[in-house]
Structure formats: C-alpha cells, structure tokens
Amino acid sequence: MGINYEELDEKWQNKWNESKVFEAEPDGRKQILITAAWPYPNTALHIGHFLTYGTTDTYAKYMRMKGYNVLFPMGFHKTGTPVLAIAKRITAKEEEIIDDLTNIYHISMENIEKMSDPNFVAQYFSASVEHAMKKAGFGIDWRRKFTSIDPLFSKMVEWQFYKLKEKGYLVKGNHYLGWCPNENNAVGQHDTKHDVQPEIERIVMVKFRENDSDAAFACATYRPETLYGVTNLFINENEKYVLAEINGDKLYISKKVSELLSYQFDIKTIKEIEGNELKSKMAINPITNEVIPLLHGFFVKPDFGTGIVMSVPAHAPFDYVALKKLEKEGIAIPKEPYKQVIEIRGESDKNNIPSLVHLALFGWNDKSSSDIVERATKELYKKEARNGYMTVGDYAGMDEPAARTAITEMLKKENKALDLYVLINEEDVYCRCGTRVVVKQVNDQWFIDYGNKEWKEGVRNYLDKIRIYPEKMRHSYKMIVDWLDMKAAERAQGLGTKFPFNPDHIIESLSDSTIYMSFYTFSNILHENNIKPENLKGEFFDYVFNSKGDLEGVSKTTGIDSLIIDKCKKSLDYWYTFTSRHSASELIPSHLTMYIFNHVALFPEKFWPKQIVTNGMVIYEGEKMSKSLGNVVPLTDALKKYGADPLRMNIVANSDLGMDSDFREASVNGIKSRIEYLFAFVENLAATRNMGTNEGLKNIDFWLYSRLSKKIKTATELFDDVMIKSAYDEIFYNSVNELKRYNEMGGSNKIVLEEYITEVIKMLTPVMPHISEELWHMLGNNSLIVNEKWPVANESLLNPQLEVYENIIDATAIDITHTIDLTSKMQDNKGKKIEKIKIIIASEWKLDAYNVLAETKKISEAITRAGKDKEKTAKFLSQFKNPKELVGRLDLNMKEMQNSFNEVKSFFENKFNSEIVIESENESTSGRSARALPQKPSIEIIWK
RNA sequence: GCAGGGAUGGCAGAGCUUGGUCAAAUGCGCAAGGCUUAGGACCUUGUGUCUUAGGGCUGCGUGAGUUCAAAUCUCACUCCCUGCACCA
C-alpha cells in the first residue's frame, strides 16, 4: 500500500491554515511562548536545520494538546555580513558559490544573478525558509514575522542599548582584531582565504636595555618567568632591524615587525640597522641586570613577535640547539652550566638541564630536524606548566603559571614590558584580497561588559531558577556565565541597527538578538495599526516592558493611541511570563547566555527566561554534514522525498536532547512500514467498528489497557522533559509491537482496540501531525486532532500483576523455542517430530514460599510460614542464595497463572505447531515436573 | 593553552543520579529461514564464547581501590570530541 505523503501533507496544512489554528491570541487559558533561534537567510534550510525547528514545533504541538495556549512565532536574522558576503561573492562570480546554489539548492541562474543585491539574497532565502517550514507542517503564527533590520525592531534595539549604557553595562575599551591593511577592514573568519579564523593572543614584550645607550631590545616571549635563566638574545643576522620610537621608548625590533606593529603602536623609525651589526651589541637583563651578548639564532622569524628572542638554553630546546650550532661554527657562546630556574616535580635529573633531557627523550642529535626540537619543546613546556615551580629569584617556590602572571605584572608596572598582540595561527592568514592579515588595535570601542560583577551575580543567582533541558547542560551555563567578559558590540560593516553612540557603525549581530523574542508578543499589533518607527520612542518600551510612566503620558509623547499601547503591554504581560527558548546547544556559549544576561539587565523578573531547551546537531549516515562531503540535503527536497511526518519522525524523534541525530535513509523505511501498519489497522478497524463483540474482557484485554495506561504515563513524563525520542519509542514503536502481540495472543475486542488506537494516535500527533489527522478522520472524527487533548493515564487500569504473568508467558515462549532447538539436535530425537509440549506450573506451596520470600527477603520467614511443608520448603528455597535479588512483591497466584496460560494455549499451539498441555506440578507425571519454578514453569518437549 | 563533555558488543546508542533483576534496552548492520513474479519491502529466528534440556565462562578505554557484589562508587592514566569572542 502506498501513501501519498505529499498530498496528505498539503491537505492537512491547508486545513490548519484555513482554520487559523496556529494563530494565537491571549485568552483565559494558561499560556506559553515558544521561540526558536531565528534563521539566518543566507542559504536555504537543509535537514541539518531541521532538528532545532522540528523539536520546537513538536514540543509546541505537545503543549497545545496539554491545554496551553501556545504561541510559536518566527522571524529572520539579517544582521551582519554573511548576506553581504553572498552578494559579494555572486558579484565576483565565484564559481564555488554558484555551483552550490545551482547543484545543491536548485536555484535558477536568473535568481542567482539577482543575488548580487544583498536585499534580494535576504528576501529570496527568507521566503524559501518560510516555505520549507510550512511544508514541514510547523504550527507557526506567521502574522508576527519580522526581521532584525526592520525599522520598528531597530527602535527596540536602540532602546536596549540606551538602557545598557544607563546601567553602566556599556563601556569603552581597546580592542584587538584581525585587520586587512589593504582594504582597511576588520577581518573575520569568512573574510579570509580558506575561511580560517584569525587567532589573536596576547604575549609579553620585554625590554632589555642596551648596555651603553638609552635604547632597548624588545623581546617577545610567552615565558617571562624564565628571564632568570637568560644567557643571551637571539637576532637573525640576515634580516634588517630598526631602532624605533614606540610609546616614548627607543626600541630595536625587526623591520618587518615594525610594519606589522604599526597597527598596534605609534611607531617612528629612527634608523635602520642590519641584523649582522646588532651582534656587536650587549644587552642588560631587566631582572638580573646581567650583561649578555646578542647572537644569531637560526630559527628567529623576522615577522613574528619582535624579531628578537631571549635565549633560555636550560628551558628552551630551540635556544639550546641554536647555541650548540654556533659553538660548532666556532663562535663564542655563553658558558655552561646554563642556569636552571624551574624544576618539575617528580623529575630530578640534577646533572642535566631540562631542555637537554627532553631533547634526548625524542632522540635528538645535531643532525635532527627542527620537528624533533619542536616536539621536545612542547613536551617540556607542558610539563613545566603543569608541575613546574620556580627555584630562583623573588618568586622561588611559586608554581610556574602563577609566577608567569606575577612576573608579567611586575615587569609592566616597572615599565620593563608591554603587552603585544600577535596572530598565532600556524600558517599566515590572508584576506580574500590576498593581503596578509595583521593585528589591529581599535581604540574607544564600545563593549557590553558581561564581566560586570553585580550583573554576573544577578545572572548566576537566577540561573538556578531556569528550567534547563537537558539538565546536564546547566553546568555549562554556569561556567560560561562566569567566563563571559567584555563583548565588542559594534561593527564597521554589515546590515543591522545603527549603533546609537556611533552611527557610522552597526550593532554587532549577536548583541541585537538577545531580547527579540519579546517583540513577537506585539509585533502584529504594531503592524496591524501601521505604527511608524518614529513613534516607537523609548517611553513606549519603558512603559510596555517596565511599567514606567503612565499610559496617557506615554501616548502623548509617542503619538500612539493609548489603546494600542495598552494592548501591546497586555499581550507582553500574557505571553512573556512563560517562555521556552529553543536552539542548538552550540549557542550556549554565546547567544543563550547573553540572552539570559540581557533579560536580567533590562526586564522585571517576571519576564526573565523560564526554560531553555537545546538539541544536538544532525549527522547524515554517520557522517558530519558538509558541502565537501556532498551530503547536504535541502529540507524541501527531503520533505518531498520522504514526506513530512516520516522525516520528522526520523530526525526529531531519532535522538534525545544532548546528543546528535543521525539521519539514516534506511530507517525511513522502517518508519513508513509502521505507519502503513497503522493505516491498515485503522482501516480494518473502521470497517468492522460497529460489529463490537459482546464477550467479556479477557486477560489480554486488561493487559492492553494496562500497557496503554502505562504508556500514557511514561510518554507524558518523558515529553515533559522534552525527551522526544524516548517518548516516541514508547508511543510509536512499542505500540505497533503491542498491537501485534495483542493480535497474536488472540486479542480481538474492537472496543478495546479502538480506545487504544485513539489514544495512541493522539500521542503521535506532535511528531506526526499529518498522519495523525488522517487516521483520526478515518476513525470517524470531524474535529482537528491538533486541537484534541493529550490523553490522561487511567491509573486504575494499571495492572502490574497481570503484566508479570504476561512476562512469564513471554519468557516461557522463548524458553520453549530454545529447548526445541537444543533437543532437536539430540541423537534420540533425530528424524522425530514434536508430539506435544508440556508446560508444568509450579506447585502452590512453591508459589506461596516464593511470594513470602519476595516480600520479606528472608528465607527463615518463608520457612516459618510454610507450616507442615517446612522441610521441602527449606530445600526448595535454598537455591535462592541471595533473597535480596528478588525485587518487589510478586503475589503469584496459581489460578491466575493457570488462567493466563490457558488463554494463550491456542496461540502457543499455532506458534509451535504442536499440542500444548498445561498442567500443575502436583498432577504432572512428567519427570521434569520438579524443575518447575514459580516464575518459570518447567517445560517438557515430547518427541515422537 | 583554557574550559566543558565523552570512552559500553560489528556500528550507533541506553544504562550509569539510587552498586545486585546486565550478555547488557532500542535501532542499524550481518546470517539463516519464511513471504513474494521480484525485492534494497516485510515477518521469524540468530548474531562474545563454550555447552546434546532452558546452563557455564569471559565482558562495558587502561591500571589500581572500595564492596559479599561494579558498566555503575573512588583515584590515577591514556585517548577522543566541542567551544574560545565579533563569528552567525
């Protein structure tokens, strides 16, 4: 049987649309506002995006059925450079992007050409995303849609920044970033060749005075604590150096560096000097005041740091190797022994310096490549950082990392060192234009100060009150709240809201999206009433968010009708007191934590986040999705190919929160076959529905009821914790299995079946809304199932006792299968057929003794209560060496046990194609009867 | 480097909070049989190892420890993944 999913999807999507079920307005019900991170329209959606949005929608549909008035809105994030970047790359006719758009997303050449206009890019893809979301069956209230560059929304962002400044959370500071000297632009990851992120690190530039002048040699170092062990400086004799004035100091640096550093310091070159000439000079160690020589270091790079390196042969393998090399060339080098200043706990080779010890570790000799030296260096640095402590100087005894910080601070305080920012990427970083990227210092930048102590404290305290799913992520939030610090808030290029205190810049794109969810609660009201941006003055937001001022006054200042303002405020009050925020977990370190911070800063506590749900990412057939692997599947293609519901099931219900969802095409088939089973089942049930039997309920019926109640209970608990996969294992997979088992075991009560399937279909609705609607209507209902109530478990139908018997029957069936298998191989049974199978149920006294044991966990008690059968009871019970292993009460009852087995007798006869005899141990003549255990009947296979 | 998370059977992934019911759920893969015009669809059974009656042995990164008992608790080690700021 084939199901036309595409037709089915469209049919029900139209119905929902017509009846506006997902357009939410405040009413008397309890409410929830569910938002997902808004998509960035620089590309179409692919199945990787589906997990977040699908999970959000599934949860929204669940909450609807639980009786909540659910608002699930959506907007688009257009801020920043990616949209511009697409337009730029299209304008430059970059083949790669044109190929992607054509081959992956099937976009026509005509439309691609239009994409040289960034507005068209954003407009095209937001329409495409919206279309895909509708095809997926998402219950979104599209009336509230807005984008991050809408003028109305910008007014709110402006208000936000005025408030942040008022509170002192907006501060000025210096900022270091990757910079293209050619284009005069900040360079981020997508502005570089090969998309590398320029990595900037702060290191220390230590000044070594020249012994006979007021100039100094600037040495860049990661390890100022080793200053005590410096024996000389290294320069590169083949390079040009300059003497330059930097921050009022006369410093020697390499010529190449002087160019690079001009973006960080004000540099005036005094004179040029050959590296070779520097070798005649002497320098003074700023800590020990020793006078040391300058020598040629083969490894000194003229374009990193300062082009001058301090030499610590005892602790830096490279320095040691360079000195040995010079020595071989007959050049005078500092005398050994080299001073050791750090010791590693647990390593005490007093006879050798650490750099030599570690070089030896990697088999170094004077013909070795620098690769070996590199490895020795890494190993030594790692050990010293972990277990090293200072052995000399004012900081002796201090752990190395602490000493490093302390010495750096001291040097800076005494004007013997300055901070220096360098790019630490292994390979040089180039801008797309081909120019090498440098570090630029930007002065007087605005930052959001997430390091602010009071603010942080407020967030930290509130964090405990937020419901976080999965709960295990709470720890991450805590760490990130503590770690978050100054965040640059303005940016020179890209789309977005103008920065209020520097209109040449825009507000950085993460920072303009921290409170936008609140805007959904009244964006439709603003649109409907044609409110103009100039009317959305700060007073409006002060009033709506913080109840500041009086309605009439605000209406007068803003020129907005007081009824409208009032409506906005009431809508916010209604929706924003219970919110659920959804995104992928990768946004925890950035967006989600900033989202909490900004709410705490700007709103009264009732509007602060109530719960945050994060999911993993989608992987495809076990592999990460990426363009280079060619496994990026556009969402619209997948929806068409598999149908919305099988896809929802296969991605959304394929993983619980906190782990990745592996999309496998093969599992779609399994899902589809179960869906088809349900269709056939419902069809069949509908056809015979009115022929309900009059027979009484059998054990198997009570079993099905018990399973149903338990299923509802478990699924509800799981769903409340957004454990969608686990919930659907129970609702979908297990239900199909139970129906099959019910049928096999001779269950046939139509009324029971109808009740069961109805509740199951309701529970399927959140993840498979289209299929559920169809099945619901096949069952003769006219309402929309998305409007139905989520089932409530009928606890009185829970029957664990009955399930115990059913489990015993199951286990017995398995044992019989095993036993047949084994006995068929026996010599005596070769060529024979099974005549009959005896199932021998243990004697009543065994059941009694076992029950007592299960209840009391005491063998002695069971023996005492056994009365006249003490002796055989003791013997029987002795096999349960550890009564504690028996969990809970079993209350096995002879009659019920026999009834249960009798009910499935004909099923067993069919299954094993043999006569089945059910007897009790007492009446049995079988030699195996004594083996019968209470929870495990004895089995005898009789071959003939 | 800093921070966080993880290591379970051929693979993916439960279980580990509250140690025993765990040879270890579920799904995939694989094997055999069935169904079928056919099937990559579906159904049944099997899938560490030994075993001619439902049993035993080994086993959950490595090493040690706690315990009558450890995948589960403690410690050390090794390896892996993710994020690190202007990038959405």
Side-chain angles (χ1 to χ4, degrees), chain A residues 37-40 42 77 79-83 85 175-178 186-191 195 197-201 222 378 381-382 385-386 401 424 442 445 447 450 471-473 475-480 482-492 494 508-511 513 585-591 594 616-617 619 621-622 654-656 658-660 662 664-667 669-670 672-674 676-677 725-726 729 733-734 740 811-812 814-830 881-882 884-888 911 928 931 933 935-941:
Chain A
W38 50 4
Y40 199 91
N42 66 334
H77 191 203
T79 312
T81 48
V83 163
H175 186 216
Y176 296 85
L177 41 79
V187 179
Q189 182 165 353
H190 53 250
D191 304 312
D195 278 339
Q197 173 69 41
E199 288 178 70
I200 295 168
E201 197 170 88
Y222 287 100
K378 277 202 173 136
Y381 282 18
K382 195 166 122 186
R386 206 179 280 177
I424 53 159
V442 187
Q445 280 274 294
F447 288 81
Y450 292 113
E471 173 62 32
K472 67 173 178 183
M473 297 312 261
H475 186 60
S476 297
Y477 286 93
K478 277 194 177 141
M479 295 321 239
I480 288 151
D482 284 347
W483 162 86
L484 215 58
D485 201 5
M486 303 274 265
K487 164 85 186 164
E490 54 180 313
R491 186 114 170 78
E508 183 275 322
S509 61
L510 283 179
S511 304
S513 299
S585 54
E586 60 183 2
L587 293 186
I588 294 174
S590 54
H591 166 72
M594 290 161 60
M617 51 191 231
I619 47 180
E621 302 286 349
N654 188 29
S655 68
D656 278 322
M659 83 177 74
D660 296 338
D662 189 3
R664 285 176 191 269
E665 185 156 17
S667 45
N669 296 324
K672 282 191 173 175
S673 88
R674 285 177 177 84
E676 283 170 17
Y677 178 90
K725 176 201 191 296
S726 302
D729 280 350
Y733 295 102
N734 288 353
K740 287 181 180 174
T812 306
I814 291 169
D815 282 347
I816 291 174
T817 312
H818 281 162
T819 310
I820 289 175
D821 204 36
L822 283 164
T823 50
S824 66
K825 292 179 196 153
M826 290 168 83
Q827 211 51 256
D828 287 357
N829 298 331
K830 284 274 152 68
K881 292 185 191 95
N882 192 346
K884 282 180 190 158
E885 286 178 22
L886 304 173
V887 276
K911 187 177 169 85
R928 301 190 56 79
R931 292 182 64 106
L933 296 178
Q935 80 291 17
K936 204 165 187 175
S938 176
I939 300 158
E940 184 174 19
I941 318 284

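Using modelled atom types, one side-chain atom of A/D656 and one backbone atom of A/K725 make a donor-acceptor pair closer than 3.5 Å. Formation of a donor-acceptor pair under 3.5 Å by the A/R674 side chain with backbone atoms of A/Y733 is not found in this model.
Nearest-nucleotide mapping onto RNA chain B: of A/D729 and A/E201, the residue sitting toward the 5' end is A/E201. Sequence order on RNA chain B of the closest nucleotides to A/T812 and A/R674 puts A/R674 first from the 5' end.
Between A/W38 and A/H77, the ring planes lie parallel to each other; the angle is under 30°, not in the 30° to 60° tilted range.
Residues satisfying the side chain to side chain contact (heavy atoms under 4.5 Å, CB included) criterion with A/K472, sequence neighbours excluded, are A/P470. A/Y381 is linked by a ring-ring contact (aromatic ring centres under 6.0 Å, His included) to nothing, counting only residues two or more places apart in sequence or in another chain.
Among the duplex regions that RNA chain B forms, those built from at least three successive Watson-Crick or G-U pairs under 3.5 Å are B:1-7 with B:78-84, B:10-12 with B:26-28, B:29-34 with B:42-47, B:48-50 with B:55-57, B:61-65 with B:73-77, ordered by first number.
Of the listed nucleotides (B/G5, B/A53, B/G54), B/G54 has the atom at the smallest distance from the side chain of A/S938.
Taking atom C1' in both B/U52 and B/C60, one finds a spacing of 32 Å when rounded to whole Å. Taking atom C1' on both B/C16 and B/U74, the two are 15 Å apart, rounded to the nearest angstrom. Rounded to the nearest Å, the gap between the C1' atom of B/G6 and that of B/C57 is 31 Å. With both ends at atom P, the span from B/U82 to B/A31 equals 34 Å, rounded to whole Å. For the P atom pair drawn from B/U49 and B/C11, the interatomic distance equals 14 Å after rounding to whole Å. Straight-line distance between the P atoms of B/A64 and B/U72: roughly 14 Å, to the nearest whole Å. B/U51 sits 34 Å from B/C42 when the C1' atoms are compared, rounded to a whole Å. B/A71 sits 14 Å from B/G9 when the P atoms are compared, rounded to a whole Å.
A/Y40 has its side chain within reach of A/V83: a pair of non-hydrogen atoms, C-beta onward, lies under 4.5 Å apart. Residues A/K487 and A/L510 are in side-chain contact: their nearest non-hydrogen atoms beyond the backbone lie under 4.5 Å apart.
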Under the criterion side chain to side chain contact (heavy atoms under 4.5 Å, CB included), I'd like the reasoning laid out for A/R491 against A/T81: C-alpha separation, chi angles, the key distance, then a yes or no. CA-CA 10 Å; A/R491 186 114 170 78; A/T81 48; 4.1 Å; yes

In the 5'-to-3' direction, what one-character label does each nucleotide of nucleotides 31-36 of chain B receive under the scheme B = base within less than 4.0 Å of a protein heavy atom, S = sugar-phosphate only, - = no such atom? ------

B/S/- contact track for nucleotides 83-88 of chain B, protein heavy atom under 4.0 Å: SSBBBB

B/S/- along nucleotides 44-49 of chain B (protein heavy atoms under 4.0 Å) is --S---

